Number of protein chains: 2
Amino acid sequence: MSIKFQPPDDAAQDATRQHLLEAAGEVFAEVGFHSATVREICQRAGANVAAVNYHFRDKDGLYAAVLTESLRLSLKKYPADMGLPPKATPEQRLHAFARSFLWRIFSTGAESRHGRLMAREMVEPSAALDPMVKEHIRPLSDLLMSIVSDLLGDKADPQTIRLCAMSVVSQVVFYHHCRPVLSRLFPSVKFDPVSIDHLADHITRFSLAGIKSAAGKRAPACLPGK
Amino acid sequence: MSIKFQPPDDAAQDATRQHLLEAAGEVFAEVGFHSATVREICQRAGANVAAVNYHFRDKDGLYAAVLTESLRLSLKKYPADMGLPPKATPEQRLHAFARSFLWRIFSTGAESRHGRLMAREMVEPSAALDPMVKEHIRPLSDLLMSIVSDLLGDKADPQTIRLCAMSVVSQVVFYHHCRPVLSRLFPSVKFDPVSIDHLADHITRFSLAGIKSAAGKRAPACLPGK
DNA sequence: ACGAATTTAAAACAAGTGTTTTACTTGTCA
DNA sequence: TGACAAGTAAAACACTTGTTTTAAATTCGT
């Protein structure tokens, strides 16, 4: 029988379908779902206006496809295991986590779209956020919490682990999310590779000290009474 | 001459103008500038569709007015000097800064709009962001940097001050900005008053340790070689 | 090469948008 | 009271949006 083989990795299956995904990724990341127009996307893709409705049911279907595709791209370039040495110290693993996270977020290629799309999801969550958290963010979160747990020691309660883990990621995503304010407050700060590495160093040192402090917490220490 | 007096504080000047500002604040905060429709705003305000164009030049003018008004409300409820004891320790001032910031961001009344509007500005900056940074965010940033500077000691370089200050605010705004992900990762975490105070305690302790560590930085310590 | 299925193209559709126009009401001072 | 300004109301305008329709073109197995 002459049934067509499944294309090896659905690569270059349909030309216009791929062009559409590419163009839509750009436009959605640039102006967001609502401000993005099907016409603009199709024009960039060199396709007809009806192409979106033919290949992806509707605009929402296209957006969902873009989101999962952008995630695939981002994971391909920055795998979740982020090239750690197999028997690294928790300190090294924390540093690798922060650094790779920063690199992922501040990448400049097509794989940077996922970060920008996710930033928009934060302010206007779509139906595609749930699976995104389950399949992508949850594993990263678990990985970080295991690192933090190792740093805190055995007697750390889950809440402390969670708080410390959030303190780490917050510093990472902050520079991406608040960039409009940062660039206005400090026009001199750049996000070139060496700056990003310096940033990773700072975040790691800062967080290691914070975690160590949280590990030995008993009384609220130097905090003023409520 | 019978020239009308300037209303004392432009309070309740025009009824519909105020209603429009109120309704627009809600709608803009809920769905963003682009998705907000003039008709929805006018309907909530009990006004005619043409009211927006009459009282504020156009939709953009209304948005700008909403943003400055929301800032005024937020500052009225949470003044920038945040009720600090006049001669408090840097540690106390840091704690007050973090706590009041969290309270401001997680407030539930009409004054919570500013935080949500600013979150949207982060992902899609408008022309109104520049004055907002100059008049509101810059002073807060300077205040925090002075606190951090006191904690770091005299020999701290500006970059370290800046990095540490950003590490502090990042932890604060993170819980607001990434709430969609947080609520999916940890459905149990709440943001009631006592949780917010606990959060402020954690951020303060974590950051104090981090700052102290940054103060004594010389060699990259335990960081792995590049 | 033929014919059926798939894909593309142009045009039109239907709904929703911000804005403007025009007329009407209201309140104020001479 | 009566003209005059300020505010409101209803309707229509001009435009953009996502989507559908209809027809043409292309692809591909036989």
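In this text, all values refer to a predicted model and were calculated from it rather than measured experimentally. Convention: sequence-line order gives letters A, B, ...; per-chain numbering from 1.
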In plain terms, say whether A:E22 and A:R17 are close enough for a salt bridge, that is, a side-chain N and a carboxylate O under 4.0 Å apart.
no

For a quick check under 3.5 Å, do [X] and [Y] share a side-chain donor-acceptor pair by atom type?
{"X": "A:S170", "Y": "B:Q171", "value": "no"}
{"X": "B:D14", "Y": "B:H19", "value": "no"}
{"X": "A:H34", "Y": "B:H34", "value": "no"}
{"X": "B:S74", "Y": "B:E111", "value": "no"}

Ring of B:F33, cation from B:R120 - is the NZ or CZ under 6.0 Å from the centre and inside 45° of the axis?
no

How many Å lie between [atom1] on [X] and [atom2] on [N], as a whole number?
{"X": "A:H55", "N": "C:dT6", "atom1": "NE2", "atom2": "P", "result": "13 Å"}
{"X": "A:Y54", "N": "D:dA24", "atom1": "OH", "atom2": "C1'", "result": "14 Å"}
{"X": "B:H19", "N": "D:dG7", "atom1": "NE2", "atom2": "P", "result": "15 Å"}
{"X": "A:Q43", "N": "D:dT16", "atom1": "CD", "atom2": "P", "result": "13 Å"}
{"X": "B:R17", "N": "D:dT8", "atom1": "CZ", "atom2": "C1'", "result": "16 Å"}

Just need the stems in DNA chain C: three or more back-to-back Watson-Crick or G-U pairs, each with both distances under 3.5 angstrom, sorted by first number.
C:1-13 with D:18-30, C:15-30 with D:1-16

What does the list of N/O pairs under 3.5 Å between the protein and nucleotides 15-22 of chain C look like, with a distance for each?
| from | atom 1 | to | atom 2 | distance (Å) |
| --- | --- | --- | --- | --- |
| C:dG18 | OP1 | B:A36 | O | 3.2 |
| C:dG18 | OP1 | B:V38 | N | 3.3 |
| C:dG18 | OP1 | B:K59 | NZ | 3.1 |
| C:dG18 | OP2 | B:V38 | N | 3.0 |
| C:dG18 | N7 | B:R39 | NH1 | 2.8 |
| C:dG18 | O6 | B:R39 | NH2 | 3.1 |
| C:dT19 | OP2 | B:N53 | ND2 | 3.4 |
| C:dT19 | OP2 | B:K59 | N | 3.0 |
| C:dT19 | O5' | B:N53 | ND2 | 3.4 |

